Amino acid sequence: MKEYELFVPLRYNDGSTVESRKIERIGERLLDQFGGVTFFPQPNEGSWKMGHVTFHDEIVIFRVLTSNARVARRFFRQLKADLKEDLRQEEILIVEKDAEVL
């Protein structure tokens, strides 16, 4: 079993707010693909450094579980490319973890 977390920015790089409908569509797309999704709507802050510059971003997190990592990776590669373009981002963070359901 694999767990995937998708970190979605709430602002475009110019500082304007990502439309809530775009966030909703991401959840719908995940639900359609995996049959279930967990959404953490409370804003979280992420920070990272590039050289001597620190960037800050507000994000929300989506989580899905699947037993088919090969199909999930293919789906997330395409989703990442789509989100980078749609949300005008240089990068979108997606984390894959081993998971065991009890």
Side-chain angles (χ1 to χ4, degrees):
M1 180 76 58
K2 294 288 186 181
E3 174 185 310
Y4 294 88
E5 287 187 331
L6 171 62
F7 294 74
V8 179
L10 294 176
R11 299 199 175 275
Y12 295 104
N13 285 337
D14 67 3
S16 62
T17 302
V18 171
E19 298 83 357
S20 60
R21 182 66 190 127
K22 286 187 177 186
I23 303 296
E24 291 170 12
R25 279 196 304 246
I26 294 167
E28 292 166 0
R29 194 166 168 185
L30 292 166
L31 181 60
D32 288 346
Q33 177 67 32
F34 297 102
V37 62
T38 302
F39 176 53
F40 299 91
Q42 65 279 11
N44 296 274
E45 186 175 309
S47 300
W48 68 98
K49 287 187 174 191
M50 290 182 71
H52 296 290
V53 178
T54 300
F55 296 90
H56 302 280
D57 210 355
E58 269 193 321
I59 53 117
V60 291
I61 301 170
F62 289 92
R63 181 182 293 156
V64 297
L65 295 170
T66 184
S67 58
N68 193 333
R70 187 168 47 92
V71 170
R73 287 181 187 138
R74 187 176 329 120
F75 171 84
F76 278 113
R77 275 193 297 273
Q78 183 61 56
L79 179 62
K80 183 175 189 164
D82 294 346
L83 292 179
K84 284 170 66 174
E85 181 177 329
D86 193 36
L87 303 178
R88 301 188 303 265
Q89 299 292 312
E90 293 295 319
E91 191 57 69
I92 296 288
L93 178 62
I94 301 171
V95 176
E96 177 189 78
K97 302 176 188 177
D98 289 323
E100 186 173 329
V101 177
L102 303 178

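Source: prediction; values computed, not measured. Residues take their numbers from the sequence shown, with the count starting at 1.
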- Pairs meeting criterion ring pair (Phe, Tyr, Trp, His ring centres under 6.0 Å) with involvement of residues 83-102, two or more places apart: none
- Message: Hydrophobic clustering (ILVMFWY, side-chain heavy atoms < 4.5 Å, transitive) - are V95 and M1 grouped together?
- Response: no
- Can you find a pair of side-chain heavy atoms, one from I26 and one from F39, that are under 4.5 Å apart? no
- Check side chain to side chain contact (heavy atoms under 4.5 Å, CB included) between E96 and all other residues, then give those that pass, not counting sequence neighbours. K2, Y4, A69, R73
- Name all residues meeting the side chain to side chain contact (heavy atoms under 4.5 Å, CB included) criterion together with K84; count only those two or more places apart in sequence or in a different chain, and write none if there are none. K80, E91, I92
- Query: Going by heavy atoms in the side chains, are L93 and W48 under 4.5 Å from each other?
  - Reply: no
- What ring pair (Phe, Tyr, Trp, His ring centres under 6.0 Å) pairs are there with at least one residue in residues 77-102, not counting sequence neighbours? none
- Message: If hydrophobic clusters are built from ILVMFWY residues whose side chains come within less than 4.5 Å, do L10 and L6 share one?
- Response: yes
- Task: Begin from the C-alpha positions of Q89 and N13 and carry the test side chain to side chain contact (heavy atoms under 4.5 Å, CB included) through to its verdict.
- Result: CA-CA 7 Å; Q89 299 292 312; N13 285 337; 3.4 Å; yes
- Any link between I94 and L83 through a network of hydrophobic side chains (Ile, Leu, Val, Met, Phe, Trp, Tyr) touching at under 4.5 Å? yes
- Query: side-chain hydrogen bond (donor to acceptor under 3.5 Å, both in side chains): which pairs involve residues 31-43, sequence neighbours left out?
  - Reply: none
- Item | Those residues that, when tested against R29, pass side chain to side chain contact (heavy atoms under 4.5 Å, CB included) (two or more places apart) | F75, Q78, L79, D82
- Query: Could you give all pairs that pass the ring pair (Phe, Tyr, Trp, His ring centres under 6.0 Å) test and reach residues 82-102, with sequence neighbours left out?
  - Reply: none
Side-chain donor-acceptor pairs under 3.5 Å in residues 51-67, sequence neighbours left out?
residue : atom : partner : partner atom : Å
H56     : ND1  : E45     : OE2          : 3.4
H56     : ND1  : S47     : OG           : 2.8
R63     : NE   : E3      : OE2          : 3.3
R63     : NE   : E5      : OE2          : 3.0
R63     : NH2  : E5      : OE2          : 2.5
T66     : OG1  : N68     : N            : 3.1

Atom pairs and distances, side-chain donor-acceptor, residues 14-21, under 3.5 Å, sequence neighbours left out:
residue : atom : partner : partner atom : Å
D14     : OD1  : S16     : N            : 2.8
D14     : OD1  : S16     : OG           : 2.7
T17     : OG1  : R11     : NH1          : 2.9
E19     : OE1  : Y12     : OH           : 2.4
R21     : NH1  : E24     : OE1          : 3.2
R21     : NH1  : E28     : OE2          : 3.0
R21     : NH2  : E28     : OE1          : 3.3

- Message: Could you see if F34 belongs to whatever hydrophobic cluster contains V71? Use Ile, Leu, Val, Met, Phe, Trp, Tyr and a side-chain cutoff under 4.5 Å.
- Response: no
